[in-house]
There are 2 protein chains.
Amino acid sequence: MRPTVHDIAAAAGVSLATVDRVLNQRPGVRHVTREKVETAIRELGYIRDLAAANLAKGRTYPLVFILPASDNSFMHGLNAEIRQAILRSPAERTDIRTIEVPAFDPAALVSVLDELSRGKPCGIAMVATDAPEVRAIVDRLVRDGFPIVTLVSDLTGSLRHHYAGVDNIAAGRTAARLLGRFLGPRKGDVAVLAGSMVVRDHRERLEGFTSVMAEEFPDLAILPVLEGRDDPEVAHRLVADSLKNAGIVGVYSLGAGTRGLIRALKEKAVDRTLTVIAHELTVHTRAALIDHTIDAILNQDAGHEVRSAIRVLKAKADGLAVIEAQERIRLDIFLKDNLP
Amino acid sequence: MRPTVHDIAAAAGVSLATVDRVLNQRPGVRHVTREKVETAIRELGYIRDLAAANLAKGRTYPLVFILPASDNSFMHGLNAEIRQAILRSPAERTDIRTIEVPAFDPAALVSVLDELSRGKPCGIAMVATDAPEVRAIVDRLVRDGFPIVTLVSDLTGSLRHHYAGVDNIAAGRTAARLLGRFLGPRKGDVAVLAGSMVVRDHRERLEGFTSVMAEEFPDLAILPVLEGRDDPEVAHRLVADSLKNAGIVGVYSLGAGTRGLIRALKEKAVDRTLTVIAHELTVHTRAALIDHTIDAILNQDAGHEVRSAIRVLKAKADGLAVIEAQERIRLDIFLKDNLP
DNA sequence: CCAAACTTGATGTACGTAAATCAAAAAATC
DNA sequence: GATTTTTTGATTTACGTACATCAAGTTTGG
């Protein structure tokens, strides 16, 4: 049987109350006594029973998810996953709240974080907007002891404890290699559709994409990036326009809101010899993959991201280690054959 | 606050003892009283606090993993993951034991299962060997109330509660499409290296592979399957031999023990224009992917499989639902750009 | 050396559930 | 209607931890 507080007390030759004072870093223990207890803890390999502790404390984990108010399938999916997590709250002792902030708006994000810092959430998961002032307040909150994980979009260089999202540079590189390999010996132009270059994840995908393209597929030329602002209408217009260029052999859509892209592709489908790689599995991209409008979909599993963020925040709140491999968000590659 | 047994007792107008009898299906409760209590449970939305219950019972989950005694990287990795899980046992209340059985030997597997059925494990995870007698005893154990999940290799048509592994038909199909698309307009022969056709997962991969090849890439001809028995030496000889055929443009290695394959490929590398798809990410395949000997690796995450099996077995033992999406083992596709 | 401050022990309650015991009440049997 | 059987209640202990209280002991400071 694993040792309990009673065993520690006996081994250290002190009372239960003293062990408790040491374990919960309460004052009123002489230095030498504290050392005795800590030695006993180490030697017996005592690990406190979290379940029992939480029961005694009536503990819950108040968590906050901060999301951009973007109206695209991916964000809807993310929201749905959070709602699922809320349904599991009783069993997981969580108490989850979501806050929406305007997208691409660092100031709004900062003010929400500042507001939160006056409350007592034991963990914050946020889709980060990449700006110095956001980094600053995140660092402040982390120093004040709030566990913080970034979700979907990271805030590199900040002190956030963890990033629950994919490696977007790798995603871009992967897209480039798939596109290059699928095109084989063909030469021509490649169109890139992004949401906005002010979001870090889009910038990183593009960076990865262009570097592999340059290194390994010099016969393919990347056209100037189309910024669709994750809006189907805008994307449709931009892509339709761009496709008038007869030299285009491939398309990489690295943002969300791929509906417009798909529509433009279908209109052009008559003489279609395009190879298309897109991000995020939604009902639309899924259908397009099945009917061969899209050749491959790169995806991040929103459910995994949400569950992972919750696990990590709870672990950090308890000062526990996480299972790194479990929390790594992988880049899913879907062809029409391995759709879930 | 969520309702407790006390609330149920009050609401149903009975004593705590009676509520306990109902909750733990102990005898000595009249039918009408039982109904009263069950109504109260439903109306208050009572959910028992598993942590508290496990604490009170001093419960642990004795689990058994049954693995084939195969000496290949994948099985070593699986073993390592189980050892990791054993390290987490204290926190997860599990008590994990592994049993090795000779590979490809239904009789041995049956006798181990029979032996286990006389013990009291609360869950069994097994790499299934596909045979009628195995199916029979699995069904018997399931009927006797043992939670059983198959691991890596399934036992379709049996009553096992869950399969913690990838969809191997989809894996084969995906391999075919990748190979076909990577080869593009090239025509020629494709070599297939398998472990053994008596293992279900290998058969299924081949099935998926050949069907997509036939449907969509008629210019590529599949050569007779090479059975390497997951042995590097055998595989090396077979592949080296086969590569004398100048018409080969692609290779699909669907089994384990890919070391021999890689060696054969490197020896032949001088005039290499081969496209190669292999299964399972190991140190060897990883290196080969990086140096372009292999073009893509299909992988199943052994860590995920083990953790998933444990979660599912615990949930089944407690009669709880599992999060389906979380337990789905995905087919990882690795190019050199998205290696973990 | 005495009082104030600090340190420790002893003890009890609580968290939500499981499980056991014994007595009391109700129902079923003859 | 008495007796047996079944059903129910009341109460207690336990799981491992947290936390509070009070008394007693030990150090300090002046």
Side-chain angles (χ1 to χ4, degrees), chain A residues 1-41 44-61 89-93 95 122 317-320, chain B residues 1-41 44-61 89-93 95 122 317-320:
Chain A
M1 283 298 282
R2 48 193 268 208
T4 73
V5 276
H6 295 85
D7 302 321
I8 304 294
V14 300
S15 77
L16 242 163
T18 303
V19 173
D20 181 70
R21 287 178 186 119
V22 172
L23 281 174
N24 296 289
Q25 33 233 359
R26 263 185 276 278
V29 184
R30 233 185 333 161
H31 190 67
V32 284
T33 316
R34 168 161 276 132
E35 299 242 297
K36 267 198 305 186
V37 174
E38 278 165 353
T39 306
I41 289 176
L44 296 191
Y46 169 81
I47 345 165
R48 117 193 125 117
D49 183 330
L50 228 204
N54 282 347
L55 176 60
K57 279 194 286 204
R59 161 156 221 188
T60 57
Y61 299 81
S89 279
E92 299 179 351
R93 307 190 83 93
D95 175 14
C122 80
D318 292 327
L320 297 179
Chain B
M1 285 300 280
R2 46 193 271 209
T4 73
V5 276
H6 295 87
D7 302 322
I8 304 295
V14 300
S15 78
L16 241 162
T18 302
V19 173
D20 181 69
R21 288 178 186 117
V22 173
L23 281 174
N24 297 287
Q25 32 234 1
R26 266 185 275 277
V29 183
R30 234 187 330 161
H31 190 67
V32 285
T33 316
R34 168 159 276 131
E35 299 243 295
K36 266 198 306 185
V37 174
E38 279 166 352
T39 306
I41 289 177
L44 296 191
Y46 169 81
I47 346 166
R48 121 192 122 119
D49 184 330
L50 228 204
N54 283 347
L55 176 59
K57 279 194 285 205
R59 161 155 222 190
T60 58
Y61 298 82
S89 279
E92 299 179 351
R93 308 190 85 93
D95 175 14
C122 81
D318 291 328
L320 297 179

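Every chain is numbered from 1 and lettered A, B, ... according to where its sequence line falls, protein lines coming before strand lines.
- To the nearest 0.5 Å, atoms CD1 (A/Ile47) and OG1 (A/Thr4) are separated by 12.5 Å.
- Across the protein-nucleic acid pair, B/Glu35 atom CD and D/dT7 atom C1' stand 16 Å apart, rounded to whole Å.
- The distance between atom NZ of A/Lys57 and atom C1' of C/dG16, rounded to the nearest whole Å, is 17 Å.
- With sequence neighbours left out, A/Asn24 forms a side-chain contact (heavy atoms from CB on, under 4.5 Å) with A/Asp20, A/Arg26.
- Among C/dG16, D/dA18, D/dT17, the nucleotide with an atom closest to any side-chain atom of B/Thr4 is C/dG16.
- Where the helix from C/dC1-D/dG30 to C/dC30-D/dG1 starts and where it ends, the local axes point in directions that differ by 30°; five pairs per end, rounded to 10°.
- The CZ-P distance, from A/Arg93 to C/dC15, rounds to 12 Å in whole Å.
- Residues from residues 45-56 of chain A placing a heavy atom under 4.0 Å of any atom in DNA chain C, listed by number, are A/Leu55, A/Ala56.
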Heavy-atom protein contacts under 4.0 Å, nucleotides 20-25 of chain D, coded B base, S sugar-phosphate only, - none: -B----

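- For the atom pair B/Thr60 OG1 and B/Glu92 CD, the distance stands at 13.0 Å (nearest 0.5 Å).
- Remark: B/Asp49 CG to A/Leu55 CG distance equals 6.0 Å, nearest 0.5 Å.
- Rounding to the nearest 0.5 Å places CG of B/Leu44 at 10.5 Å from OG1 of B/Thr39.
- Cation-pi geometry between B/Arg59 and B/Tyr61 is met: the NZ or CZ atom falls under 6.0 Å from the ring centre, inside 45° of the normal.
- Nearest approach of A/Arg21 to A/Pro27, heavy atoms of both residues: CD-O, 4.0 Å.
- A close approach under 4.0 Å does not occur between any side-chain nitrogen or oxygen of A/Thr18 and OP1 or OP2 of C/dT8.
- Atom NE2 of B/His6 and atom P of C/dC15 are 8 Å apart (whole Å).
- Atom CG in B/Leu16 sits about 15 Å away from atom C1' in C/dT21, given to the nearest Å.
- The distance between atom CZ of A/Arg59 and atom C1' of C/dA14, rounded to the nearest whole Å, is 18 Å.
- The OG1 atom of A/Thr18 lies 10.5 Å from the CZ atom of A/Arg30; values are rounded to the nearest 0.5 Å.
- Residues B/Val22 and B/Ile8 have side chains not in contact (no heavy-atom distance under 4.5 Å, counting atoms from C-beta outward).
- Here the side chains of A/Leu23 and A/Ile41 are in contact, with some heavy-atom distance below 4.5 Å.
- Of all heavy-atom pairs spanning A/Cys122 and A/Ala317, the tightest one is O-CB, 3.9 Å.
- Using a 4.0 Å cut-off, some side-chain N or O of B/Ser15 falls inside it from OP1 or OP2 of D/dG9.
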Letter per nucleotide, 5' to 3', of nucleotides 25-30 of chain C [B base touched, S only sugar-phosphate touched, - untouched; heavy atoms, 4.0 Å]: --S---

Residues B/Val29, B/Val37; criterion side chain to side chain contact (heavy atoms under 4.5 Å, CB included); working and verdict: CA-CA 10 Å; B/Val29 183; B/Val37 174; 5.9 Å; no

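- Base engagement by B/Gly28 is indicated by at least one non-hydrogen atom pair under 4.0 Å involving a base atom.
- In plain terms, the two heavy atoms of B/Ala51 and A/Ala51 that are nearest each other are CB-CB, 3.9 Å.
- Judged as a salt bridge (Lys or Arg N to Asp or Glu O under 4.0 Å), not a single pair has a partner in residues 1-17 of chain A (not counting sequence neighbours).
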